[in-house]
Student: 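This structure is in structure tokens; I'll ask about it shortly.
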Amino acid sequence: MVEVEASPPDLNDKASSPHHTMTMVPTEGEFAMGKRKDQGISEPEGSRKKKKKQVATPRPACSWVHFSRDFIKEYSATHPESSGLKAATKAASDAWKLMGPEEKAKYTTRAREVWDKYLSSAPARAPKPRRQTKLVTRCSPGRLLNVLQRLTPDQKEAVKSMGFGSILGLRCRTLRRSLCLWLLERFNTVRRSLEICGERIPLTPRDVELVMGLPASGKDVVNSGSDELILQLRKRYNATNRGISVRLLEERLAAPEAGEDFKRSFVLYVMGTLVCPTARLDVSPSFLHFLTNMDVLHQYNWGKFLLDRLVREISRFRQGKQRAVGGCLLFLQLFYYESVAVGAAYESAPVAFPCLFSWGEEEISEREKQEKELGGYGSGEVVCMDRGLGMGSLGYKAQTDSMPLRAVEPMQEISHAQDMEDQEYEDTFTEQEHAHTDSIEGNVVCAEIEVVAGSGPVPCGNIKYGCTEIVDYSKKRDHEEACPYAPCPCPLQNCKFVDSSKQLSSHFSSKHWDSGRHFQYDCPLPISLSKKETFLVLQAEKDGILFLLSKGTQSIGHTIVITCIGPRSSKECYLYDVVSEKGSSSLRLKSSAHSYPGRFQGLPPVDFLLVPFAHLDSSGQLDLEICIWSPTEPGSE
């Protein structure tokens, strides 16, 4: 049936216009089609359009979409001679690129409000547990090995200068996918451990350093660089929404030059094929954010970066968010080979550093043969204690300092309820459980050492947060009060992540990138706090330092204060200005941001700005302008 016009026809009015009231009689073809449907005869594939899948709650639009809608509507009204939507969209894109942060703030705020409303109203997606017998992964050591074999001596020296020299010793080409799948089923993302052979073996960045040779100390790998520089790099590597082409990187690495472009291309290629491949075929363009300054790559903690990405990718796979498994599965495979001994006799020889050098195709094939003869994976004996693996940061340092080693903990019988609880935590994976578990285990280790030592050298109580200092027992408390690795909890209410301020900065960048505001030092930043907002997390674009803008409520107004999230012993001094204006009235506070490990309750313990309720708008929103200045030495003006 084909109807002309949307209005219903007036059948009683014979003089009505046929263009407005006529209902077309079905043609013979349409009549025959209806007859075939009644007889149950199906239409051939391709003859009918597939119905689009209905989405109950569409995802909200970004700030650019909100702007383009308003712009295109106005542009179409003022430019009737334009060639249509394409020209209007092009004009909107050009206008958006010329706008500054202040002009974009209107649309950014609108998009954020819509997004918050979407998160609060949209039902949580149920996880899709998957169990598959075939492993799909983008981790491809063989492809990387082909590139390594073609590098020139100068290029190899450039690789070593970046801290990736151990990658040059790669010998194996293929992953044992059956082993990797077996390990994934026994990998606990909550505790960051492998539960094999009746024991639970924790994994730490130190294990990554022993196995892969990547440094497990230094600064966190954080995003840096200006937006303009990132945009230039994306154009240089033809980055799309899908990623950076692996073949393009292979072509670039085939050139004999060994300069900055080679270094950046090499790191991108290693990230995408070995260290932290994602579920996609191409290399993630997000890696460009920490490759803006190639001179500081050797200062990064790549061991922690690899482990964090591996845990995150496995967690996403468990939740059914991706079909392929990302992360460095080669690390899991080699860690198992080194941690579990097979065969009748085994000599606990020292581990060759890194273990990556010891495993080629022949050695792996022989090991797989022995595993098969014993009846399958998990039939050997856990010997990681003897080899310095799975010991945590304390065990690694203890091995080098001839201190007693801590054995891996035996698996206890777990009730069904406890198993379901662990699964629930795993499905809603965040790093807070990791920090909490490490904290418990770390306290047990430190307690053992204190009982044995009593007095004398002991590790800092913040060892689980990265401190490797060994101090006299009598000075332990004084050191911990001034320790730069003092724990700092995540300021967000629903997140229980606890770690050092540096780790917290990395955690916030990766897990809560859309829950705060980025700012530049020495630049004013307009901020609006709704009636229900009590705080706002600010993160510096230059160094990733986190600040907390807190809004308290008193009888006559709101208190406003800015603090730096970090240990109280921090020596950095950050001055800041806060301004609140209402008509001709203006309130200003100039103070220094004191360091606090987290949020505080009640009146601020430092200087604050009291903003009367009269400065709020009709909806209770508070508009401020802040400026945080570059860090200075304490006492300097």
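Hydrogens, waters and symmetry mates play no part in the numbers below; they use all other heavy atoms, side chains included.
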Student: Suppose we screen for ring-ring contact (aromatic ring centres under 6.0 Å, His included). Which residues come up paired with W115, at least two apart in sequence or across chains?
Tutor: Y118

Student: Determine, for E260 against R264, whether the closest basic-nitrogen to carboxylate-oxygen distance falls under 4.0 angstrom.
Tutor: yes

Student: Please find the pair of heavy atoms, one from L145 and one from R171, that lie closest to each other, and give the distance.
Tutor: CD2-O, 3.8 Å

Student: Quick one: does any side-chain atom of S315 pair with a main-chain N or O of R312 as donor and acceptor, under 3.5 Å?
Tutor: no

Student: Is there a donor-acceptor contact under 3.5 Å linking the side chains of S265 and Y237?
Tutor: yes

Student: Quick one: list whatever passes ring-ring contact (aromatic ring centres under 6.0 Å, His included) with H298, sequence neighbours left out.
Tutor: none

Student: Hey, would you say the F497 and H507 ring centroids sit under 6.0 Å apart?
Tutor: yes

Student: What do the steps show when you test E313 against Q322 for side chain to side chain donor-acceptor pair (under 3.5 Å), and what is the final call?
Tutor: CA-CA 9 Å; E313 291 294 329; Q322 56 194 34; 2.8 Å; yes

Student: If we ignore angles and hydrogens, is there a donor and acceptor under 3.5 Å between the side chains of D623 and S528?
Tutor: yes

Student: Within this structure, what is the OH-CG distance for the pair Y269 and L248, rounded to the nearest 0.5 Å?
Tutor: 11.5 Å

Student: I'd like to check the side-chain contact (heavy atoms from CB on, under 4.5 Å) partners of S93; sequence neighbours left out, ordered by chain and number.
Tutor: W64, K97

Student: Relative to each other, are the rings of Y521 and F519 parallel, tilted or perpendicular (30° and 60° limits)?
Tutor: perpendicular

